[in-house]
Amino acid sequence: MTAAREVPDILSAEFAEDPYSAYRIMLEDSPLIWHEPMQSYIVSRYEDVARAFKEPAFTTDNYNWQLEPVHGRTILQMSGREHAVRRALVAPAFRGQELQAKFLPVIERNSAELIDGFRERGTADIVNDYARHFPINVIVDMLGLDRAEHARFQRWYTSIIAFLGNLSQDERIAADGLRTRDELAEYMIPIIRERRRNLGDDLLSTLCAAEVDGQSMSDEDIKAFVSLLLAAGGETTDKAIASIIKNLLEHPDQLRAVREDHGLIPRAFAETLRYTPPVHMIMRQPAEDVELGGGTVPAGSTVTCLIGAANRDPSRFSNPDTFDIFRDDLPTDTAFSAAAQHLSFALGRHFCVGALLAKSEVEVGVGQLLDALPDLELAEGAAPVEQGVFTRGPASLPVRFTPTPRARTSA
């Protein structure tokens, strides 16, 4: 196993400022690193990360300590028939006609309302005025919860994400995450019980009524899924939309192409998932000794899979450090399925169940932003920077544009 002394420590300020430079060193010289403070093996090459996502030897048992304390037991921890049944219970709501007919109007309304809040100003922060709120508001409305609770769910979401990304084990962040777990349960369980008695046309009712082979979800199962949905469905779309806009603003020719043809938005999304993914690392735990990255990883170890590095592996993608929505080694027709070439939705049995929901949100959100904000460009003097290690995206994205009147009256 190659020594990792030349690689910036994954918990260091240097790594947080620019992980991509560190990824290049890992990919070339250190494909397998033992990280003592995290008690984890770190893998970076595309082939190794893809194997960890697809092969049965790699389990999600690490989620017992990584996710369960804040979410409760979720579908991500399950395997075999239990996982297959649970996925069959929740998946239909996130694909096909159910998604398009029932939830697309919710997505369109929430996006338009947020844009109405700043389109007349001529300036905005795409992160703080739009992306940070959009997916959480959509989730709250999809679940059929009180729209007045958007701010509360925003706070819970922020707390959960901080807990999950707490690689340095800050005690205050951990304690706040556990408080959020209790607050969310106290809020959601009575609503779930009431919804069972009075089913509606919302996602929460769908989860309450779902049944496969005589099995249904318990109140705790649904609460845990809602918590997971806030984190996975909020954080990824939040950072993806901000990153797409940032990447396009930094590549004006590609921005012009997408503005002229919204059919290119899925290409811009897929390339952003590869180039600047919202989630940079996912952990797995092998059930047996495995050969990985040129070394042996013992059974029961934690393996940190660096998605951000694997998506820039030159053995898999040409000119990997270049943002190019027209690249020919990232087919868009499979980019939002389990056959995706990028690794940002994972692969295999735990491929992201909300990938098509994210695609719909991005298509609507980016399309509406480009239509509503003519001459969109970075604000004068703005130099947006990414933040985060576990998840990563622009900390803010100040822009300016020609003011436009509201296209609708917000509800």
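Count residues from 1 along the sequence.
- Residues Phe336 and Phe345 are in side-chain contact: their nearest non-hydrogen atoms beyond the backbone lie under 4.5 Å apart.
- Residue pairs meeting the salt bridge (Lys or Arg N to Asp or Glu O under 4.0 Å) criterion with at least one partner in residues 37-48, sequence neighbours excluded, do not occur; the list is empty.
- Under the rule for a salt bridge (Lys or Arg N to Asp or Glu O under 4.0 Å), the partners of Arg24 that lie at least two apart in sequence or sit in another chain are Asp321.
- The closest side-chain donor-acceptor pair between Gln368 and Ser111 falls under 3.5 angstrom.
- By the side chain to side chain donor-acceptor pair (under 3.5 Å) test, Asp176 is found to be paired with Ser159, Arg179, residues two or more places apart in sequence or in another chain being considered.
- In terms of the salt bridge (Lys or Arg N to Asp or Glu O under 4.0 Å) criterion, residue partners of Glu220 (sequence neighbours excluded) are, by chain and number, Lys223.
- No side-chain donor-acceptor contact under 3.5 Å links Glu377 to the backbone of Phe401.
- The aromatic ring centroids of Phe153 and Tyr187 lie less than 6.0 Å from each other.
- Residue pairs meeting the salt bridge (Lys or Arg N to Asp or Glu O under 4.0 Å) criterion with at least one member in residues 243-252, sequence neighbours excluded, are Lys246-Glu250.
- Remark: Glu186 engages no residue in a side-chain contact (heavy atoms from CB on, under 4.5 Å) (not counting sequence neighbours).
- Looking only at atom types and distance, the side chain of Glu211 has no donor-acceptor partner in the side chain of Ser216 under 3.5 Å away.
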Which donor-acceptor pairs under 3.5 Å do the side chains of residues 270-278 make with protein atoms, sequence neighbours left out?
from   : atom 1 : to     : atom 2 : distance (Å)
Glu271 : OE1    : Arg274 : NE     : 2.9
Glu271 : OE1    : Arg327 : NE     : 3.1
Glu271 : OE2    : Arg274 : NH2    : 3.0
Glu271 : OE2    : Asp324 : N      : 2.8
Glu271 : OE2    : Arg327 : NE     : 3.1
Thr272 : OG1    : Asn247 : ND2    : 3.3
Thr272 : OG1    : Ala268 : O      : 2.9
Arg274 : NH1    : Asn311 : O      : 3.0
Arg274 : NH1    : Pro320 : O      : 2.8
Arg274 : NH2    : Pro320 : O      : 3.1
Arg274 : NH2    : Thr322 : O      : 3.0
Thr276 : OG1    : Asn247 : ND2    : 3.1

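- When only modelled atom types and interatomic distance are considered, Asn110 and Arg147 share a side-chain donor-acceptor pair under 3.5 Å.
- Rounded to the nearest 0.5 angstrom, Glu108 CD and Phe103 CZ are separated by 14.0 Å.
- For Thr404 and Arg119, the side-chain atoms include at least one donor-acceptor pair closer than 3.5 Å.
- Across Pro403 and Gly122, no two heavy atoms sit closer than the pair CG-CA, 3.7 Å.
- Here Glu171 pairs with nothing under the salt bridge (Lys or Arg N to Asp or Glu O under 4.0 Å) rule; sequence neighbours left out.
- Under the side chain to side chain donor-acceptor pair (under 3.5 Å) criterion, the residue pairs touching residues 386-396 are Tyr20-Glu386, Glu235-Thr391, Glu386-Arg392, with sequence neighbours excluded.
- Every residue meeting the salt bridge (Lys or Arg N to Asp or Glu O under 4.0 Å) condition with Glu120, not counting sequence neighbours, appears here in chain and number order: Arg406.
- Between the side chains of Trp34 and Glu36, at least one donor-acceptor pair of N or O atoms lies under 3.5 Å.
- Inspection of the Asp238 and Tyr157 side chains reveals an N or O donor paired with an N or O acceptor under 3.5 Å.
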- Query: Can you check salt bridge (charged side-chain N to carboxylate O under 4.0 Å, His left out) on Arg259 and Asp371, steps first, answer last?
  - Reply: CA-CA 8 Å; Arg259 186 184 287 283; Asp371 286 342; over 6 Å; no

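- Residue-environment remark: CD (Glu380) stays at or below the threshold of 12 foreign heavy atoms within 6.0 Å.
- Between the side chains of Ser318 and Asp329, at least one donor N or O lies within less than 3.5 Å of an accepting N or O.
- Of all non-hydrogen atoms in Ala358 and Thr237, the two that sit nearest each other are CB-OG1, 4.0 Å.
- Side-chain contact, Asp221 with Ser218: a donor N or O sits under 3.5 Å from an acceptor N or O.
- Closest non-hydrogen pair, Pro298 versus Tyr41, comes out as CD-OH, 3.4 Å.
- Judged by distance alone, the side chains of His133 and Asn128 never bring a donor and an acceptor atom under 3.5 Å apart.
- Here the closest heavy-atom approach between residue Ala242 and residue Leu397 is recorded as O-CD2, 3.5 Å.
- Residue pairs meeting the salt bridge (Lys or Arg N to Asp or Glu O under 4.0 Å) criterion with at least one partner in residues 275-292, sequence neighbours excluded, do not occur; the list is empty.
- Listed by first then second residue, pairs satisfying salt bridge (Lys or Arg N to Asp or Glu O under 4.0 Å) with a partner in residues 10-21 number zero, not counting sequence neighbours.
- Heavy-atom contacts from other residues, nucleotides or ligands closer than 6.0 Å to NZ of Lys102 number more than 12.
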